[in-house]
Amino acid sequence: MVKNLKEVGKLGKTFGFDGSLKLAIESALLAELKKAEFVFIPTAGHKVPYFVDKIKTGKPLTIKLEDVDSKEAALSLSGQKVYIEAAEKTPSGPV
């Protein structure tokens, strides 16, 4: 179970018919999100991992998640917060 999660944004309305969703995110967090292999989205009381298929930058910023292949499937995630694993803090100082 992943305990160290960081909120990076919120899913908006669906975009197109392939299951893509608009994503509201602070620009400072976009680089971290692009490095993430998967994101966590609250579903039925648990933060469920979803593999990131692709992220399209621009207006609007959109995200396509693996196995979310229809507008109907994407609708169930609309409005949810998006989390990624927070980077491990490395100890500083001499080794």
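Counting begins at 1 with the first residue of the sequence.
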**Asked** Can you find a pair of side-chain heavy atoms, one from E85 and one from F38, that are under 4.5 Å apart?
**Response** yes
**Asked** Any side-chain heavy-atom pair from D53 and I63 closer than 4.5 angstrom?
**Response** no
**Prompt:** Looking at side-chain heavy atoms only, is the closest gap between I55 and L33 below 4.5 Å?
**Reply:** yes
**Asked** Should V39 and V8 be counted in the same cluster of Ile, Leu, Val, Met, Phe, Trp and Tyr side chains packed under 4.5 Å apart?
**Response** yes
**Item:** S78 side-chain N/O to G12 backbone N/O, donor-acceptor pair under 3.5 Å
**Value:** yes
**Request:** Kindly say whether V68 contributes a backbone atom to a donor-acceptor pair with the side chain of K64 at under 3.5 angstrom?
**Result:** yes
**Message:** If I compare all heavy atoms of Y50 with all of V48, which pair ends up nearest, and what's the gap?
**Reply:** CD1-O, 3.3 Å
**Request:** Quick one: pull up OG in S20 and CG in L11 and give me the separation to the nearest 0.5 Å.
**Result:** 11.0 Å
**Prompt:** With a 4.5 Å heavy-atom cut-off, do V52 and E66 have their side chains touching?
**Reply:** no
**Message:** Measuring from atom CD of Q80 to atom OG1 of T43, what distance do you get when rounded to the nearest 0.5 angstrom?
**Reply:** 6.0 Å
**Complete:** Distance col, row K56:NZ vs L23:CG, nearest 0.5 angstrom, shows 14.0 Å
**Request:** Would you kindly check if the NZ (Lys) or CZ (Arg) of K47 is within the cone defined by 45 degrees around the ring axis of Y83 and under 6.0 Å from the six-membered ring centre?
**Result:** yes
**Prompt:** Could you give the distance from CZ (F17) to CD (E72), rounded to the nearest 0.5 Å?
**Reply:** 9.0 Å
**Asked** So which heavy atom on A74 is nearest to which on G19, and how close?
**Response** CB-O, 3.5 Å
**Message:** If you compare all heavy atoms of T14 against all heavy atoms of K71, which two are closest, and at what distance to 0.1 Å?
**Reply:** OG1-CE, 3.3 Å
**Asked** How long is the span from the CD1 atom in I84 to the NZ atom in K6, to the nearest 0.5 Å?
**Response** 5.5 Å
**Complete:** CG (L5) and NZ (K81) are apart, to the nearest 0.5 Å, by 13.0 Å
**Prompt:** Checking side chain to side chain contact (heavy atoms under 4.5 Å, CB included) for the pair L77/L65: CA distance, chi angles, key distance, verdict?
**Reply:** CA-CA 10 Å; L77 300 175; L65 303 171; 4.0 Å; yes
**Asked** Would you say the side chain of F15 lies within less than 4.5 Å of the side chain of P60, judging by non-hydrogen atoms?
**Response** yes
